[in-house]
There are 2 protein chains.
Amino acid sequence: MRNPTLHDVARAAGVSYSTADRVLNRRGGVAEKSVLRVQRAIQDLGYQRDIQAANLSRRRSYVFRFYLPQGDHGFFSVLRQAVERQAQQQQADRVSISIHDVPPLDADALAATLLRIGPDDCDCVGVVGSDSESLITAVRRLNDMGIGVVMLVSDAAPEARSLYVGINNVVAGRTAGSLLRLAHGRGTGRILPILGKLDSRDHRDRLWGLTEVLAEQGGRLQQLPPIEVLDRPETMRDKLEAALSATPEITGIYSIGAGNRALIHILRRMSGQRPLVILHELTSHSRSALEAGLIDAVIDQKPQEEVAVAIGAMKAIADNLPVSVNDVIPTIYIKENLPEPNQS
Amino acid sequence: MRNPTLHDVARAAGVSYSTADRVLNRRGGVAEKSVLRVQRAIQDLGYQRDIQAANLSRRRSYVFRFYLPQGDHGFFSVLRQAVERQAQQQQADRVSISIHDVPPLDADALAATLLRIGPDDCDCVGVVGSDSESLITAVRRLNDMGIGVVMLVSDAAPEARSLYVGINNVVAGRTAGSLLRLAHGRGTGRILPILGKLDSRDHRDRLWGLTEVLAEQGGRLQQLPPIEVLDRPETMRDKLEAALSATPEITGIYSIGAGNRALIHILRRMSGQRPLVILHELTSHSRSALEAGLIDAVIDQKPQEEVAVAIGAMKAIADNLPVSVNDVIPTIYIKENLPEPNQS
DNA sequence: AGCATTCTGACAGACGTCTGTCTTTTTCTT
DNA sequence: AAGAAAAAGACAGACGTCTGTCAGAATGCT
């Protein structure tokens, strides 16, 4: 019944514990034939090293760092809370997680911070990716030092980072498009995409997903030229109001990026029939807008789950185990299936 | 840096390790004032017992059993796979999980099986709940023996089981209703609910959720009398075709229970405009129907996640720790945001 | 055969906790 | 103040693994 121990393996292989250990931990100095016998015994018994006992003995603890954009509201604060919560829970499992602030929307500053990490500072870092040469350099350096890098939310430096944990943004855009299509029934409509900035990869991908799906409708749903609001409330207000008065027949809005507070504000004081609205990320604002019926759906990447997946993967990376993770699937929230506020 | 050990606590409290241990593990025979000092030291240092070392020392391993309905297709096979997968992963963490077959839809047989469990057979069991006196009795017995019982998918015996892990079915019904409403835009429509059997609690709840939401629409969406198909394909075919010809203006179908293969089959050979269709649980059949555009949305309870939550909770229950779990939120799948087939 | 080299085995101390036993100290009882 | 009872301390062996050291055995080479 009990799982076999390395002693059992040694006995089965007809060697001493020391030899089995030398094989298991690749210490070398073992004759080829003994190596084979031990490996066979491991196979036969289905031996799996007790990682907990091993970690105990090694005094190993996993040290992970998350570099997250500052900001006390919106998506990144939700993400931060998710990390804090996991940090708390994982503390009991020899995982120590620290969060480090970085200026938002500043890939160079992030890269500079990453460059100051020493080889023994941590086992793995989690960062929010963005397109930037300096970031790629910094990630490559970490990788060369043997520190794993997990990209969160938005991918970057795919050849240097260890893993990306986040949604596929084309899929997210397609999901939004498909919901808009569903909500239009068999009618026609005009969809206005709103985005933060076009030079952000994830925004481009989402827009592309939307475009794909709308194109499949054979012109029934027309995609209007996107407006770019640079995450600034005034820009959002000005450009959105301009768009709405220029094209009154807008039937749907897909807000691709952040800055939804201003959007919600405008929706609230809109008279008459409002368009369908889909936006990203469940935050306190989007939640209350959903509850109030000001918007129709939120596409969320479930930061809580995302962080849990990331940390699980970080452990595997630190242990040099094969990393296999489920994709993070964009979730659709409507008014009815919102989670409890204190949760994910 | 290092987490404090019980030795540290003992030193801080000015007592011996033995005494600190007696307090921590409630062995008794310690003077009140020493108890207090130790407790204060635990507080002050933020001591958390190293469960892994403790389990190692205690030779403790968690033994959980899942009693799942037989059946090699449909939802329960997905659930079973999820359990098997978790069992595999958790094996490394001193968790041994076994799956036991029970006849489907037979609460008495399940109860009889549960009655044969002895006090030392396992720490916790997971079962699929259903309304049944005999089940309640069996669960209460397990509880009295100190074996935790986690209800999966469908709740039962709330006063005797340890925990329910599954979706809120009223919420699921509301979600379906809300999607149907969204898809009807501002138009009117008639919704046909299809259910397995009305005496199943979760089906009643889902139907109720639907009814609630449709009622909030002020008659724009009319709910037709539900048809009851008892999970039998022929019944589904006969009753559904009867309903469709009696009420041609059906614009939406909400399939509340299982037996969706027959439904999909009928949809496939339906000519003209098909109604909107929402059904439950992502299985190979519903997935391919979604991909083929035969149905519009699937409401899923994410069995993989559900099982993970359940096992986590079982550990906490076995350790007598406070159990806090996130609700399982019904997820909306549309064609665009389906996960990879081999995943959740 | 003698010697160097490689391989193997034995052992001990650690990691943090559990548990049992035994002794010593403190406190209470009369 | 003496004895009983309660409380505290000391200690050892375990769990499964890691790591280092050292001695002994097997093998290779001349």
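In what follows, every chain begins at residue 1, and chains take the letters A, B, ... in the order their sequences are listed. Side-chain atoms are counted along with the backbone in the values below, which use heavy atoms only and exclude waters and symmetry mates.
Contact annotation: T19(A) side-chain N/O to dG9(C) OP1/OP2 distance is under 4.0 Å. Proximity of R94(B) to the phosphate of dC15(D): no side-chain N or O atom is located under 4.0 Å from OP1 or OP2. In this structure, Y47(B) reaches the dT17(C) phosphate: one of its side-chain N or O atoms is under 4.0 Å from OP1 or OP2. Distances shorter than 4.0 Å separate some side-chain N or O of S16(B) from OP1 or OP2 on dG9(D). In this model, the phosphate group of dA12(D) is not approached by any side-chain N or O of Y17(B) to a distance below 4.0 Å at OP1 or OP2.
Residues from residues 23-46 of chain B lying near DNA chain C, meaning a heavy-atom separation below 4.0 Å, are L24(B), N25(B), R27(B) in numerical order.
For the pair P4(A) and Y47(A), the tightest heavy-atom approach, listed with the atom from each and the gap, is O-CD1, 3.3 Å.
Closest to the side chain of S18(B), from the set dG16(D), dC11(D), dT17(C), is dC11(D). Minimum atom distance to the side chain of R58(A) is reached by dT19(D), of the listed dT19(D), dT17(D), dA14(D). Distances from the side chain of S57(A) to the nucleotides dC18(C), dG16(D), dT17(C) place dG16(D) closest. Minimum atom distance to the side chain of L56(A) is reached by dC15(C), of the listed dA14(D), dC15(C), dT17(D). Considering only side-chain atoms of R59(B), the nucleotide from dG16(C), dC15(D), dT17(D) that sits closest is dC15(D). Here dA8(D) is the nucleotide among dC15(D), dA8(D), dT17(C) with the atom lying nearest to any side-chain atom of R22(B).
We find that CG of N55(B) is positioned 15 Å from C1' of dA14(D), with the value rounded to whole Å. In this structure, D50(A) places its CG atom 14 Å from C1' of dA14(D), rounding to the nearest Å. The CD1 atom of I51(A) sits 17 Å away from the C1' atom of dC15(D) (whole-angstrom rounding). The distance from atom CG of N3(A) to atom P of dG16(D) is 10 Å, rounded to the nearest whole Å. Here the P atom of nucleotide dC18(C) and the CG atom of L6(B) are 7 Å apart, to the nearest Å. In this structure, H7(A) places its NE2 atom 13 Å from P of dG9(C), rounding to the nearest Å. In this structure, CG of D93(A) is placed 14 Å from P of dT17(C), rounded to the nearest angstrom. Distance D8(B) CG to dT17(C) C1': 13 Å, rounded to the nearest Å.
Proximity of a side-chain donor or acceptor of S57(A) to a complementary backbone N or O of A53(A) within less than 3.5 Å is not detected.
Taking a 6.0 Å sphere around CZ of R40(A), one finds it holds 12 or fewer heavy atoms contributed by other residues, nucleotides or ligands. Counted within 6.0 Å of CD on E159(B), heavy atoms from surrounding residues, nucleotides or ligands total more than 12; the atom is thus considered enclosed.
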Using a 3.5 Å cut-off and no angle test, enumerate the donor-acceptor pairs between side-chain atoms of residues 115-123 of chain B and protein atoms at least two apart in sequence or in another chain.
unit_1: D121(B); atom_1: OD2; unit_2: G118(B); atom_2: N; d: 2.7
unit_1: D123(B); atom_1: OD2; unit_2: V63(B); atom_2: N; d: 2.7

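Between the CD1 atom in I99(B) and the OH atom in Y67(B) there is a gap of 12.0 Å [rounded to 0.5 Å].
Between D144(A) and R141(A) there is no salt bridge, since no side-chain N of the basic residue sits under 4.0 Å from a carboxylate O of the acidic one.
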Evaluate the criterion side-chain contact (heavy atoms from CB on, under 4.5 Å) for residue pair V149(A) and N143(A); output intermediate values, then yes/no.
CA-CA 7 Å; V149(A) 180; N143(A) 192 288; 5.5 Å; no
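For D21(A) and V15(B), each mapped to the nucleotide of DNA chain D holding its nearest heavy atom, the one lying further toward the 5' end belongs to V15(B).
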